[in-house]
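Worksheet for the structure shown next.
As the structure lists them, so they are numbered: ligands from 1, and atoms in each ligand from 1.
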Amino acid sequence: MEKEQLAVYFIAGTPNCLTTIEETLQAAIDGGIAMFQFREKGEGALTGERKKQIALRLQAKCKQAGIPFIINDDIALAIDIAADGVHIGQEDEPASVVREKIKGGIVGVSVHTMDEFEKAIADGADYVGTGPIYVTATKTDTRPVAGTTLIRKMKDKYPDFPIVGIGGITIENAEEVMKAGADGVSVITAISHAKNPKQAASQLKNVFSRTQ
Ligand SMILES: Cc1ncc(COP(=O)(O)OP(=O)(O)O)c(N)n1
Ligand SMILES: Cc1nc(C(=O)O)sc1CCOP(=O)(O)O
Ligand SMILES: [Mg+2]
């Protein structure tokens, strides 16, 4: 994968969206997101065939826009529909096992320490996500708020490895995350709850451009 694909990495599932997830994703694409993760989690999340049908519709949008379509946690679904990749955390299937299953696809791994980061690299991750950088209301079972310290340490030691920050990132604080060395920002609320999701995505892209 290209590091530039992490610039504005939008994540969403149906429970996160104020209108339909298709409309929200289309607006985010029109605003300039570079990658999308389908994370169907939380109260009211779809499962089974309904989840698969939505995934297929979102995958088609990403394909048309030429951006990677990543599935959170659900490796079986990702393989079933030939998604571009998966994102897994420390509590999910081990990255080394997922790497084998996903073959040439993108594997993203959540990390919270240098040890987890170096293990993710050794296991064959394509990028890592780290957070929560700031306070988030979207996910309750996060680690403590971390700020940007780990991003700086990771970039110091592995300047070329793709890293994205996540958790409580907004148009206002995204610059700090990118200046710390992140290759991009992962956001849910900043786009999915924005009055104008297209504009929010575009503003995040502008923050990325001016920090390069
Ligand atoms: C880009 C990115 N970074 C981190 C996460 C969090 O993954 P995880 O720790 O597995 O938590 P869940 O998202 O599965 O609740 C992510 N999804 N994406
Ligand atoms: C999915 C997720 N993972 C996190 C982590 O710290 O690993 S924080 C988070 C939620 C991000 O949502 P928002 O942009 O609305 O804060
Ligand atoms: Mg997970």
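Atom 2 (C) of ligand 1 has its closest protein heavy atom at His87 CE1, 3.3 Å. For atom 18 (N) of ligand 1, the nearest protein heavy atom (residue, atom name, distance) is Gln37 NE2, 3.1 Å. Among all protein heavy atoms, the one lying closest to atom 11 (O) of ligand 1 is Lys139 NZ, 3.0 Å. Counting only heavy atoms of the protein, atom 5 (C) of ligand 2 lies nearest to Ile166 CG2, 3.8 Å. In terms of protein heavy-atom proximity, atom 1 (C) of ligand 2 is closest to Arg39 NE, 3.4 Å. Scanning the protein for heavy atoms near atom 16 (O) of ligand 2, the closest one is Thr136 OG1, 2.6 Å. Taking atom 3 (N) of ligand 2 as the reference point, the nearest protein heavy-atom neighbour is Lys139 CD, 3.5 Å.
A salt bridge links Arg143 with Glu91: the closest approach of a Lys/Arg side-chain nitrogen to an acidic carboxylate oxygen falls below 4.0 angstrom. The existence of a salt bridge linking Arg39 and Asp73 is excluded, since no basic side-chain nitrogen approaches an acidic carboxylate oxygen closer than 4.0 Å. Ionic pairing of Asp123 and Lys119 is present here: one or more N-O contacts between side-chain nitrogen and carboxylate oxygen are shorter than 4.0 angstrom.
Shown in contact with Ile11 at under 4.0 Å from a heavy atom are these atoms of ligand 1, numbered in order with element: 18 (N). When each atom of ligand 1 is checked for a heavy atom of Gly129 under 4.0 Å away, the hits are 3 (N). Taking every non-hydrogen atom of Gly89 and a distance limit under 4.0 Å, the qualifying atoms of ligand 1 come out as 8 (P), 9 (O), 10 (O). Here is the list of ligand 2 atoms found below 4.0 Å of a heavy atom in Gly167: 8 (S), 16 (O). The atoms of ligand 1 that sit less than 4.0 Å from any heavy atom of Ile166 are 2 (C), 3 (N), 4 (C), 5 (C), 16 (C), 18 (N). Every atom of ligand 1 with a heavy atom of Asp92 under 4.0 Å away is listed here by number and element: 10 (O).
Note that the NZ atom of Lys52 and the CG atom of Asp80 stand 4.0 Å from one another [nearest 0.5 Å]. Separating the OG atom in Ser186 from the CG atom in Leu6 is a distance of 7.0 Å, to the nearest 0.5 Å.
When heavy-atom distances to ligand 2 are checked against a 4.0 Å cut-off, Ser110 has no atom that comes that close, whether in backbone or side chain. Here Arg39 has side-chain heavy atoms under 4.0 Å from ligand 1, and that is the only part of it that gets that close. Looking at Lys41 against ligand 1, only its side chain comes within 4.0 Å, counting heavy atoms. Of all the heavy atoms of Arg143, none lies under 4.0 Å from any atom of ligand 2, so neither backbone nor side chain is involved.
Glu40 contributes no side-chain N or O that, together with a main-chain N or O of Lys51, makes up a donor-acceptor pair within less than 3.5 Å. With Lys155 contributing its side chain and Phe161 its backbone, the two residues share a donor-acceptor pair below 3.5 Å. Checked by atom type and distance alone, the side chain of Thr24 pairs as donor or acceptor with a backbone atom of Thr20 at under 3.5 Å. Of the possible donor and acceptor atoms, one in the side chain of Asp84 sits under 3.5 Å from a partner among the backbone N and O of Phe69.
Checked against the 6.0 Å centroid criterion, the rings of His112 and Phe117 do not qualify as a close aromatic pair. Checked against the 6.0 Å centroid threshold, Phe36 and Tyr9 do not count as a close aromatic pair.
Considering backbone and side-chain N/O atoms, Val164 never comes within less than 3.5 Å of an N/O atom of ligand 1. Looking at ligand 1, you'll find an N or O of Asn72 within less than 3.5 Å of one of its N or O atoms. At under 3.5 Å, not a single nitrogen or oxygen of Val187, backbone or side chain, sits near a nitrogen or oxygen of ligand 2. Checked by distance only, ligand 1 and Thr130 stay at 3.5 Å or farther apart across all their nitrogen or oxygen atoms. Considering backbone and side-chain atoms alike, Ile188 places an N or O below 3.5 Å from some N or O of ligand 2.
Here the side chains of Asn72 and Phe38 are not in contact, with every heavy-atom distance at 4.5 Å or above. Residues Tyr158 and Ile163 form no side-chain contact, since every pair of their non-hydrogen atoms from C-beta on lies 4.5 Å or further apart. For the pair Gln26 and Lys198, the minimum side-chain heavy-atom distance is 4.5 Å or more.
Nearest-residue assignment for atom 4 (C) of ligand 1 (options Ser110, Ser186, Gly108; heavy-atom criterion): Ser110. Compare Thr138, Thr189, Ile169, Val185 by their heavy atoms: the one nearest to atom 12 (O) of ligand 2 is in Thr138.
The closest approach between any non-hydrogen atom of Lys41 and ligand 2 is not below 4.0 Å. Using a 4.0 Å cutoff on heavy atoms, Gly168 counts as a contact of ligand 2.
For Glu49, the CD atom is densely surrounded, since the number of other residues' heavy atoms within 6.0 Å is greater than 12.
Here Asp92 contributes OD2 and Asp73 contributes OD1, and at the Mg ion (ligand 3) these two atoms make an angle of 80°, given to 10°.
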In sequence, state the C-alpha distance, the side-chain angles, and the governing distance for Val86 and Arg99, and then conclude on side-chain contact (heavy atoms from CB on, under 4.5 Å). CA-CA 10 Å; Val86 295; Arg99 175 73 280 166; over 6 Å; no
